[in-house]
Amino acid sequence: MTDPGPTPTGEVGGLRAAGLAGLGVERANRVLELVRAVPDYPGPGITFRDITGLLADGDAFGHVVEALGDVVRAAGGVDLVAGMEARGFLVGAPLATHLGVGFVPLRKAGKLPPPTDSVTYDLEYGTATIELRAGTLHPGARVLVVDDVLATGGTAAAGAELVERGGGVVVGMAFLLELDGLGGRERLAGREVTTLVHVES
Ligand SMILES: O=P(O)(O)OC[C@H]1O[C@H](OP(=O)(O)OP(=O)(O)O)[C@H](O)[C@@H]1O
Ligand SMILES: Nc1ncnc2[nH]cnc12
């Protein structure tokens, strides 16, 4: 599952669209039109990328799920999709259905009944703990970890750690948006990382 990297780009609202496998420049630019940049949220200096407009557009939402599905299939498929709470559920669950595989929720602390395993991590604007229900994964399950945004990579790295501690094999990680300059890709070095659209952080 290799990220084709930046390809011909367009400028939409000052953001840089990198068209990619299965999505293409036109659809990547449409994604950028639909993702709202909110300055100084949730704190000063953070530009928050709000995907609710994208989710509300049936065509664009369908296209991003299909594009991620194409990348996963081309890489040989997976047994399960694991999504990071909460926005990773919004991308991961439809992707799992599209691929015809099951979905594993990696939930914020205190939401899953025991027994669980947990990992605490830092992200762009705070810290959090996520959990996996013990016994969810069959040994050697090939798992795709999915989220909406790759920023520092702290959330995704924690998700991968949980999956691996639970007996799964992380065969890839997929995101709608990659916020360039926050070190997420470096944090996930050595893993197969696919992002549909790059934006400036
Ligand atoms: O790469 P990172 O720096 O770890 O940041 C990315 C994470 O941050 C956001 O989640 P958030 O914790 O805000 O929770 P939410 O999905 O519940 O909104 C986003 O949905 C990713 O999970
Ligand atoms: N800037 C940002 N916008 C949306 N989600 C994020 N998760 C981490 N950083 C983020």
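Atoms within a ligand are numbered from 1 in the order they appear, just like the ligands themselves.
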Quiz item: Who pairs with Thr129 by side-chain hydrogen bond (donor to acceptor under 3.5 Å, both in side chains), at least two apart in sequence or on another chain?
Solution: Thr120
Quiz item: Short list, please: which atoms of ligand 1 are under 4.0 Å from a heavy atom of Tyr125?
Solution: 8 (O), 9 (C), 11 (P), 13 (O)
Quiz prompt | Between Glu178 and Thr195, a side-chain donor and acceptor under 3.5 Å | solution = yes
Quiz item: Minimum heavy-atom separation for Phe175 to Val193, with atom names?
Solution: CE1-CG1, 3.9 Å
Quiz item: Between atom CZ of Arg49 and atom OH of Tyr41, what is the distance when rounded to the nearest 0.5 Å?
Solution: 15.0 Å
Quiz item: When only distance counts, is Ala86 in polar contact with ligand 1, meaning an N/O pair under 3.5 Å?
Solution: yes
Exercise. May I ask you to decide if the ring planes of Phe89 and Phe103 are parallel, tilted or perpendicular, using 30° and 60° as cut-offs?
Key: perpendicular
Quiz item: Taking the minimum heavy-atom distance to atom 10 (O) of ligand 1, which of Arg87, Arg187, Met84 ranks first?
Solution: Arg87
Practice problem: Give a yes/no verdict on whether any heavy atom in Gly184 is under 4.0 Å from an atom of ligand 1. | Solution: no
Self-check item: Which of the ligand 1 atoms, numbered from 1, are nearer than 4.0 Å to a heavy atom of Lys108
Solution: 12 (O), 14 (O), 15 (P), 17 (O)
Quiz prompt | Residue Asp147 vicinity, atoms of ligand 1 by number, heavy atom under 4.0 Å | solution = 20 (O), 21 (C), 22 (O)
Quiz prompt | Protein heavy-atom partner closest to atom 5 (O) of ligand 1 - residue, atom, separation in Å | solution = Ala151 CB, 3.7 Å
Practice problem: Would you mind listing which atoms of ligand 1 come within a distance below 4.0 Å of any non-hydrogen atom of Val149? | Solution: 6 (C), 21 (C)
Quiz item: Listed by chain and number, what are the side-chain contact (heavy atoms from CB on, under 4.5 Å) partners of Ala74, not counting sequence neighbours?
Solution: none
Name each donor-acceptor pair under 3.5 Å that joins a side chain in residues 152-163 to protein atoms two or more places apart or in another chain, with its distance.
unit_1 : atom_1 : unit_2 : atom_2 : d
Thr152 : OG1    : Gly154 : N      : 3.2
Glu161 : OE2    : Arg165 : NH1    : 2.8

Exercise. Could you find the nearest protein heavy atom to atom 4 (O) of ligand 1 and give me its residue, atom name and distance?
Key: Thr155 OG1, 2.5 Å
Self-check item: Salt-bridge criterion met for Glu85 and Lys108 (N-O under 4.0 Å)
Solution: no
For ligand 2, find each of its N or O atoms that sits under 3.5 Å from a protein N or O atom, and tabulate the pairs with distances to one decimal place.
unit_1   : atom_1 : unit_2 : atom_2 : d
ligand 2 : 1 (N)  : Thr47  : O      : 2.9
ligand 2 : 1 (N)  : Glu124 : OE1    : 3.0
ligand 2 : 3 (N)  : Arg49  : N      : 2.9
ligand 2 : 5 (N)  : Arg87  : NH1    : 3.0
ligand 2 : 7 (N)  : Tyr125 : OH     : 3.3
ligand 2 : 9 (N)  : Glu124 : OE1    : 2.4

Quiz item: Using 4.0 Å as the upper bound for N to carboxylate O, is an ion pair formed by Arg185 and Asp180?
Solution: no
Quiz item: Asp148 heavy atoms, cut-off 4.0 Å: which ligand 1 atoms fall inside?
Solution: 19 (C), 20 (O), 21 (C)
Exercise. Measure the distance from atom 12 (O) of ligand 1 to every protein heavy atom, then report the residue, atom name and distance (to 0.1 Å) of the closest one.
Key: Leu123 CD1, 3.0 Å
Practice problem: Return yes or no for this condition: an N or O of Gly153 is under 3.5 Å from an N or O of ligand 1. | Solution: yes
Quiz item: Above 12 or not: heavy atoms from other molecules or residues under 6.0 Å from CD of Glu164?
Solution: yes
Self-check item: Whether over 12 other heavy atoms sit under 6.0 Å from Arg73 CZ
Solution: yes
Practice problem: Give the intermediate values and the outcome of side-chain contact (heavy atoms from CB on, under 4.5 Å) for residues Val31 and Leu196. | Solution: CA-CA 9 Å; Val31 168; Leu196 289 188; over 6 Å; no
Quiz item: Going by the order shown, which atoms of ligand 1 are within less than 4.0 Å of some heavy atom of Thr152?
Solution: 1 (O), 2 (P), 3 (O), 4 (O)
Quiz item: Which atoms of ligand 1 sit under 4.0 Å from any heavy atom of Gly154?
Solution: 1 (O), 4 (O)
Quiz item: In Å and rounded to the nearest 0.5 Å, what is the CG to CD distance from Leu144 to Glu192?
Solution: 11.0 Å
